[in-house]
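We number each residue from 1, following the sequence as shown.
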Amino acid sequence: MSTAAPPRAGRREWTGLAALALPTLLISMDMTVLYLAMPQLSADLGPTSTQLLWITDIYGFLIAGALVPMGALGDRVGRRRLLLTGAALFAAASVLAAYSTSAPMLIGARALLGLAGATLMPSTLSLVRVMFEDARQRGFAVAVVMTSFSVGTTLGPVLGGVLLTHFWWGSVFLLGVPVMVLLLAVGPTVLPEYRDPDAGRLDPVSAALSLAALLPVVYAVKQLAEHGVGWVPAVTAAFGVAVGTAFVRRQRRLSDPLLDLGLLGDRVINASLGIYLLGLLAMGGTQLFIALYLQEVLGLSPMLAGAWMVPAALGTIVGSLLAPLLVRRLRPFVVISGSLLLAAVGFGTMTRLGSDDLPLLMVGYVIVALGLSPMIALCTDLVISTAPPQRAGAASALSETSGELGVALGVAVLGSLGLAGYRDRLSHTAPDGLPPEASDGAADTVAGALRISGELPGHLGDALADAARAAFAHGLALACAAATLIVITAAVLGAVRLRELPASAATAVQPDSGQDTSSGPDTEGRATSTQPAGVGGDGEQGHRSDRRKQS
């Protein structure tokens, strides 16, 4: 039976969307500029290879672990309030990271950034869910938010390259300060406050259990990938699994659970989360290697390396904005699985990299960007559109947890795999006659090998530098081969689990140019509440709630 169409967003909602794009812009900028800063950071702070990995992935690990508690907290204290509080904390932690004087201090600052960042994304996507009740407008709004990641990826290398050319490595972290100040200035005016009056109390024990379950498992994966099977990763993994089991059991007993496990039981939501995690795992595990390849292997300056990363970032923007248009005519699984297979072609192209293959790298990297971006936009839209509005905070937190965990695991697993490939190849190709301490230092990181090569006499130093660059290219190719298999697996998962979702014409609409249509009907007179759950749908079993009370 047809029902009245939901209210359409007006000028205030579209202005608010621009404000919500700021935190997503910053999160992607923060990661890409860190990759560019790695050589200078390594030279200044002298981190070990393990510390280097923790500097990059502790941020993502803590975001992933804290997203669920922060999503639940936003439902209770107000999503706008949590967003603005997180923005202030993120700015303060950025300053601390910029002026870190040791690797442990920087790891701690990155951990604080992760906790602050965990407040941003659940609030952003859950506010999009309640600001844009019209399904077609919401699909476009989600694509805009996802595109802001790509804009940040584009701006990050360019601005980071300029800063690293003229200032110290810590300056790249200060990029986040003016962005957060701008959000704090405009957010109270253009963003509505939203809280769930029936959310119940926040359970601190559940919040602690969710974080305590994740970190030991991730640590175990890192140790297993880097050092092989041993009792330390086995014990820590078992501890994490045990805590995770206790967390799940507690959620089933509580009348007001931190995580609504019913969302995970939805076929569309759990399949979309799995695909999203696998795709981001492949991406996160190769981006750091690509940034280091441009600078350490090809010898480009930070500014030039950033410039060469722009084409792939532009490809991500194109793919994100095309996603809601494609799904109007094609079934979601076709777009998602097809784009993942395209990404597999890109990763496969990069498995052929040698130590001087910039054109091949660019071709493969752009194809990967074009392939992964539609999947990211559509899986995010599937998750938050399938959940009803009062569960938008939890659904947004699940989506972002999946993505952040995917990136963090990618850095840990594929990063460790690539490092193992580098060390293995260098052990067979390093020149004879190296002092033992030089051999050990060269095997630690490619930056260390190149630094040591400059201290060795003539031909011996040149031979070590050539061997280290070739070994690093081999490690990158190995990581890309694993990424190829991962995205093919994700494509198969999409084809099997999302096959029943129909094509939807309700996800791609351009906002009316300056016209306030907040109370107008859908332009085509559709009763969108009759659509199935999925892209452009409005909740489980076609459920549509009335606009929630704003306070």
Side-chain angles (χ1 to χ4, degrees), residues 35-57 103 222-230 285-302 305 347 350-361 364 410-483:
Y35 289 162
L36 285 175
M38 276 300 176
Q40 292 186 23
L41 184 156
S42 299
D44 186 24
L45 300 184
T48 65
S49 59
T50 300
Q51 288 176 330
L52 201 62
L53 284 175
W54 275 115
I55 288 171
T56 59
D57 59 29
K222 285 172 54 66
Q223 293 296 307
L224 185 64
E226 188 170 353
H227 302 296
V229 178
T286 53
Q287 275 191 329
L288 174 60
F289 273 92
I290 290 171
L292 292 175
Y293 179 92
L294 289 170
Q295 294 180 84
E296 303 291 7
V297 177
L298 299 182
L300 301 180
S301 67
F347 282 123
M350 290 190 288
T351 63
R352 310 302 300 172
L353 284 173
S355 58
D356 189 17
D357 281 328
L358 179 59
L360 186 65
L361 174 69
V411 172
V413 177
L414 298 190
S416 298
L417 177 64
L419 180 61
Y422 163 78
R423 289 172 172 170
D424 180 70
R425 177 61 61 91
L426 188 62
S427 68
H428 292 90
T429 59
D432 295 331
L434 286 178
E437 60 275 12
S439 296
D440 293 340
D444 202 23
T445 64
V446 65
L450 295 177
R451 184 176 64 253
I452 291 170
S453 70
E455 301 170 355
L456 296 175
H459 69 282
L460 189 60
D462 292 340
L464 176 59
D466 291 341
R469 293 188 179 100
F472 188 84
H474 171 71
L476 172 56
L478 192 62
C480 288

Residues that Ser427 engages under side chain to side chain contact (heavy atoms under 4.5 Å, CB included), provided they are two or more places apart: Asp424
If you round to the nearest 0.5 Å, how far is CG of Leu476 from OG1 of Thr351? 9.5 Å
Applying side chain to side chain contact (heavy atoms under 4.5 Å, CB included), can you list everything that pairs with Gln40, at least two apart in sequence or on another chain? Leu164, Trp169, Pro302
Closest non-hydrogen contact found for Ala479 with Gly285 is CB-O, 4.3 Å
Ala430: which residues meet the side chain to side chain contact (heavy atoms under 4.5 Å, CB included) condition with it, sequence neighbours left out? Leu426, Leu434
Less than 3.5 Å apart, which donor and acceptor atoms pair up between the side chains of residues 352-360 and the rest of the protein, not counting sequence neighbours?
residue	atom	partner	partner atom	Å
Asp357	OD2	Gly354	N	2.6

Which pairs pass side chain to side chain donor-acceptor pair (under 3.5 Å) with one or both residues in residues 457-467, sequence neighbours excluded? none
Could you check whether any side-chain heavy atom of Ile290 comes within less than 4.5 Å of a side-chain heavy atom of Met350, counting everything from C-beta outward? yes
Go through the structure and list residues passing side chain to side chain contact (heavy atoms under 4.5 Å, CB included) with Phe472, not counting sequence neighbours. Phe289, Leu292, Tyr293, Val297, Tyr422, Val446
Closest approach of Thr286 to Ala483 (non-hydrogen atoms, all atoms of both residues): CG2-CB, 4.2 Å
To the nearest 0.5 angstrom, please state how far the CG atom of Leu419 sits from the CG atom of Leu478. 11.0 Å
Report the residues that fulfil side chain to side chain donor-acceptor pair (under 3.5 Å) with Arg469, sequence neighbours left out, ordered by chain and then residue number. none
For Gln51 versus Ala103, what's the shortest heavy-atom pair and its separation? OE1-CB, 3.7 Å
